[in-house]
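Read the structure below first, then the notes.
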Amino acid sequence: MTDLNQLYKKAILEHNRNPRNYGKPESWTHYAEGLNAICGDLVEVYLSIQDGVLETVHYSGESCAIAMASASMMTELSTGLTTVDWQQKFGLFKRLMDKNNAINSFDELGEVNTLVTVKKFPSRIKSATLCWYAVDAAIKGVGTATTE
Amino acid sequence: MTDLNQLYKKAILEHNRNPRNYGKPESWTHYAEGLNAICGDLVEVYLSIQDGVLETVHYSGESCAIAMASASMMTELSTGLTTVDWQQKFGLFKRLMDKNNAINSFDELGEVNTLVTVKKFPSRIKSATLCWYAVDAAIKGVGTATTE
Amino acid sequence: MLREQFPGLNVQVHGKPLVYLDNAATAQRPQAVLDAINDYYLNHNANIHRGVHALSESATVLYEQARVSMAKLINAPTMKDLIFVRGCTEGVNLVAQTFVRNRLKAGDEILISHLEHHSNIVPWQILCEQTGAVLKVIPMNQLGELELDDLDQLINEKTRFMSVVHVSNSLGTINPVKKMVQAAHDKGVPVLVDGAQATPHIKVDVQDLDCDFYTVSGHKMYGPTGSGVLYGKTEHLNSMPPYHGGGEMISKVTFESTVYNAVPAKFEAGTPNIAGGIGLGAAAEFILAAGIDKISARDHQLRVYTEQALKQVSGLSIIGNAKEKSPVFSFVIDGVHAHDIGTIIDHCGVAVRTGHHCTMPIFQYYGLAGTCRASLAFYNTEQDVDVLVESLLKAKTMFQ
Amino acid sequence: MLREQFPGLNVQVHGKPLVYLDNAATAQRPQAVLDAINDYYLNHNANIHRGVHALSESATVLYEQARVSMAKLINAPTMKDLIFVRGCTEGVNLVAQTFVRNRLKAGDEILISHLEHHSNIVPWQILCEQTGAVLKVIPMNQLGELELDDLDQLINEKTRFMSVVHVSNSLGTINPVKKMVQAAHDKGVPVLVDGAQATPHIKVDVQDLDCDFYTVSGHKMYGPTGSGVLYGKTEHLNSMPPYHGGGEMISKVTFESTVYNAVPAKFEAGTPNIAGGIGLGAAAEFILAAGIDKISARDHQLRVYTEQALKQVSGLSIIGNAKEKSPVFSFVIDGVHAHDIGTIIDHCGVAVRTGHHCTMPIFQYYGLAGTCRASLAFYNTEQDVDVLVESLLKAKTMFQ
Ligand SMILES: Cc1ncc(COP(=O)(O)O)c(C=O)c1O
Ligand SMILES: Cc1ncc(COP(=O)(O)O)c(C=O)c1O
């Protein structure tokens, strides 16, 4: 069960139990929902963007530990970034989650790298990427992100 | 090739070459077409019925030797019969052509019995029965008989 | 033993023997079904219905015998009342578009139930959009049973059609469809019964149910993927316009006009899934030989055993506790999300489904995004259930 | 040798070795296709797309890889432009109902050709009946080629859609569809190409053809029955409403409203023919490995040989003598009806088709009820052709 233990390593379970920036904030400037068509999971993200900077990033929704931890880590990583920088990190994250390569980590992603094992569980990759696609949709002003 | 030679025995080839009562007559009282959906064959039958008696029975159309011979023999057998008697012979013919029994002949069918081998060629049974169904349709005032 | 006839059960998953508890998604097939498919491809490989040559003739006989077997399985009055389709979904869509569509005007009502699979919801929503008709829903209760007290009010003078599921794929509930058909017929409303989950588990008798249409999904009843039948009453099938245009469904084509073939050919345009149909016939014969009563009895044993066994997992709640149900267990566990359970127990060889099981409205009712669903078949064993329980306990431990 | 990979050829018919010349009706399948089907049922038996467990994951991968293989075979820009369907017939009906139907008003025109299979006639007749549109037909000539001189007049401001066959199943004619697509596009008319008989014989490149839709029939290209794909340009597929409602084609369902899934899932409601799709992928890989150019070259050899060989049968006329044609021979023999020929040569082991081959209008043009059709594939041999000729001579003798 090494892969499995890797997948559910402490850091991830901890984020799952104590998600950061969880819950609907009092105000926001950008919003989107992310829908996982396969499992019906729904996350909602709430951003406050000022002068191109992600001042706050919150999310809500009930989902699996992978999605929860990924969202939690993502909000921590994203807060304070410019949208341009955020896009760059999103690009790196997509590469990290791409099962067709063997990349293990990107320095720029910090704790988010603990999610790398997810790519060994192809049916779960969408759990990890859902909140990221939702933030991307929110920044772009699109209301819904769906994973196919 | 015994079965095959049986199927195409002399009497049948002879009727095919010299079909009786073939061609559209000058007048008739009842008409129907018979359509073989599988192969697209079409026969047309023309009956003159007076006081419940089949005075004349003609047919036209281009079809295989089995259908031609069957139609030719049928017209010979049918001419002069009451429609009630005809229905009875039609019933016997259907039983003769039923591949699920081993009946070899019915005295009442005369030369038509030479078609019995057709039932060993299930895909051809409809060739043999088409003109019969067409006459049945014509008697009943239905314009078209189709074999499914 | 029957189980040994299912070769797909003999695989290893992550180094563990497979424990297949995803039968409601698709069943395993007995060797006889695979043999029938291979026999067609090896010994009778030809197109059907239109050939005079021997292979075409024998392929046609095999295909039509399969129709006879299916007619026997669901006690249809004649094989001609059965149309081969890809599965239940195609069956429902076919009826919506060819039987119901012409009868609808804006404001008319279609009645379904809260327990429906998306396949018995979305075709009606599309139809409502096309016609201005309105979708009405028979409510459910906490047990996962339909609330039928107000059925007589729900079926009113605007109701044009009712379409209800026989056995719920998510909760296992067996609905009293015979009674429901009667209530609808009392008001002159025709009824389709979605039997996707019924034929693998219980006796189906379409004449006794007196339903107007019945859909069967081949891949759920131990048959091939891409196979199924739609049963319809003769008078309906005869009066319906065709669905697909194409070969086989016509008697005569000119550019000016076309004469359609008789039922069932009228609804079977194009080359069908010949191997699939033949395999489905073998699946029907398998069930007939095994005995559906024996299968139902075994289902009951497994249901009782599993209910008991799952009590060992604290924090586990079974969603759907209908009195009449097939061995389907939708459940949630406090503190562990369904997908995480699914992933973890998969590593113990246990195959279950997680999510909404194509029945989102059911889980909206329960306020859940989804569940874990263990769905059993007669070939599952008590040991399978034990491995499930063990693996669930492991999942809980990981999340402690 | 490639022929040895086709186990269905090794059967005896009436005690004679099978000479299978009915490939245009349905082809034989290579062992690799049967292996792919069995591998799915034995080692990956699960439903696709919706599962987290290992079998479901690997079944999904196999199914989606098949889509990739098919995209490669016809050079689609992306696998997402391919929708799995039961066969060509379903593909044409899907396009008629979801793409064309909404664009039509009474008096608009649909243009097809005189060489069409019923599957590319009847769906348009049904659509015309539904909408009041009018069916127009590109004429043919004695050689069995389309008369394209007046194509520019036939495509006029009322034309909303053109649907034409790539390769005729009855006569073998290979139509210049690239040129025809261009002519239609010049007037802004979208085009469907019916490729049922093309993928087994010639290189198909949907991007080079620039057609809007292309239909492929799996069972004609050495794949399983009940399989096929519809290719559509991305922008069309995205703009079209769904066809069947059901599972898999949605992202979110409530009773009030439903959000559809992205293409191609939007068009793939319900459990598909999983084994069939996977087998079709194997058929595509088979063709890619064998080399379609080699297959076409072998077709040409067989065509030349057969044309010569049939000259030995006096009174035999080949119907359809297009310059560009695949190895399909429709013929009649003076004094012997096609069905009688079919029955007699069947007893020599020779499987041909007789009748109208689902193209009644072609034979109305020739004033014939039908023909005998010998349709060859690359795995046929010169000896097969010799047996055909011998058996035809026997048939003639019997009728003397
Ligand atoms: C209750 C129910 N109805 C309909 C369907 C759809 O059946 P199919 O997959 O044969 O299209 C399913 C299965 O997914 C089902 O469980
Ligand atoms: C030219 C042509 N178009 C369409 C079809 C129909 O294809 P399918 O059998 O896959 O529905 C056929 C085969 O019968 C064909 O030959």
Side-chain angles (χ1 to χ4, degrees), chain C residues 7-8 11 13-14 22 25-26 28-29 34 38 41-43 45-47 50-55 86-87 89-90 93 118-119 121-123 125-126 135 137 219 224-226 244-247 250 253-255 258 269-271 273-276 339 342-343 346 351 353-355 358 360-361 364, chain D residues 7-8 11 13-14 22 25-26 28-29 34 38 41-43 45-47 50-55 86-87 89-90 93 118-119 121-123 125-126 135 137 219 224-226 244-247 250 253-255 258 269-271 273-276 339 342-343 346 351 353-355 358 360-361 364:
Chain C
V11 302
V13 163
H14 303 296
D22 196 17
T26 200
Q28 300 287 331
R29 346 278 161 198
L34 307 188
N38 285 307
Y41 283 129
L42 295 176
N43 300 316
N45 189 107
N47 211 326
R50 287 178 299 247
V52 293
H53 62 80
L55 287 188
R86 179 167 40 236
T89 303
E90 187 177 33
N93 280 276
H118 293 164
S119 284
I121 302 173
V122 186
Q125 291 181 322
I126 292 176
L135 196 61
V137 183
H219 71 97
T225 58
H244 285 163
I250 56 88
V253 171
T254 67
F255 288 124
T258 284
T271 305
N273 183 356
I274 304 171
H339 298 313
T343 297
D346 175 47
R353 193 126 300 219
T354 65
C358 293
M360 282 193 178
Q364 286 151 13
Chain D
V11 302
V13 163
H14 301 298
D22 196 16
T26 199
Q28 299 287 330
R29 348 279 160 197
L34 306 190
N38 286 308
Y41 283 129
L42 295 177
N43 301 313
N45 188 107
N47 212 326
R50 288 179 296 247
V52 292
H53 63 81
L55 287 188
R86 178 166 44 233
T89 302
E90 186 176 34
N93 281 277
H118 293 163
S119 284
I121 301 173
V122 186
Q125 291 180 321
I126 292 176
L135 196 62
V137 182
H219 71 98
T225 59
H244 286 165
I250 56 88
V253 171
T254 66
F255 288 123
T258 284
T271 306
N273 183 354
I274 304 171
H339 299 313
T343 297
D346 175 47
R353 194 129 298 221
T354 65
C358 293
M360 282 192 177
Q364 286 152 13

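Small disclaimer: the values here were computed from a predicted structure and weren't measured.
- If you tally non-hydrogen atom pairs under 4.5 Å between each of D:Ser119, D:Cys358, D:Gly276 and chain C, the highest count goes to D:Ser119.
- Under a 3.5 Å cut-off, the side chain of C:Gln364 and the backbone N or O of D:Val253 do form a donor-acceptor pair.
- No hydrogens or angles considered: nothing links the side chains of C:Asn47 and D:Asp22 as a donor-acceptor pair under 3.5 Å.
- For the pair D:His244/C:Arg86, a side-chain contact is recorded, criterion being any heavy-atom separation below 4.5 Å from C-beta on.
- With a threshold of 4.5 angstrom between heavy atoms, C:Val52 approaches chain D through its backbone and through its side chain.
- Residues passing the salt bridge (charged side-chain N to carboxylate O under 4.0 Å, His left out) test with D:Asp346, sequence neighbours excluded: none.
- Distance check: D:Glu90 CD to C:Glu90 CD gives 6.0 Å after rounding to the nearest 0.5 Å.
- Of the two parts of D:Leu55, only the side chain, counted from C-beta on, holds a non-hydrogen atom closer than 4.5 Å to a non-hydrogen atom of chain C.
- A side-chain donor from one of C:Asn45 and D:Arg29 sits under 3.5 Å from a side-chain acceptor of the other.
- For the pair D:Pro361/C:Thr254, no side-chain contact is recorded, criterion being any heavy-atom separation below 4.5 Å from C-beta on.
- For D:Val11, the part sitting under 4.5 Å from any heavy atom of chain C is the side chain, from C-beta outward, and nothing else.
- A donor-acceptor pair shorter than 3.5 Å can be found between the side chains of C:Thr271 and D:His219.
- D:Ile121 touches chain C through its side chain: at least one heavy atom from C-beta onward sits under 4.5 Å away, while N, CA, C and O do not.
- Note: D:Ala351 leads D:Ala46, D:Gly342, D:Ala351, D:Gly87 in heavy-atom pairs under 4.5 Å with chain C.
- C:Phe255 meets the ring-ring contact (aromatic ring centres under 6.0 Å, His included) test with D:His114; sequence neighbours excluded.
- C:Pro224 places a side-chain heavy atom less than 4.5 Å from the side chain of D:Tyr41.
- For D:Val137, the part sitting under 4.5 Å from any heavy atom of chain C is the side chain, from C-beta outward, and nothing else.
- Counting heavy-atom pairs under 4.5 Å between each of D:Pro7, D:Ala269, D:Gly226 and chain C puts D:Gly226 at the top.
- In this structure, chain C has heavy atoms under 4.5 Å from both the backbone and the side chain of D:Gln28.
- A donor-acceptor pair under 3.5 Å is formed between the side chain of C:Asn93 and the backbone N or O of D:Gly245.
- Side chain of D:Thr225 to main chain of C:Ala275: a donor-acceptor pair is present (N/O by atom type, distance under 3.5 Å, no hydrogens or angles).
- Of the listed residues D:Val122, D:Val13, D:Leu34, the one with more heavy-atom pairs under 4.5 angstrom with chain C than any other is D:Val122.
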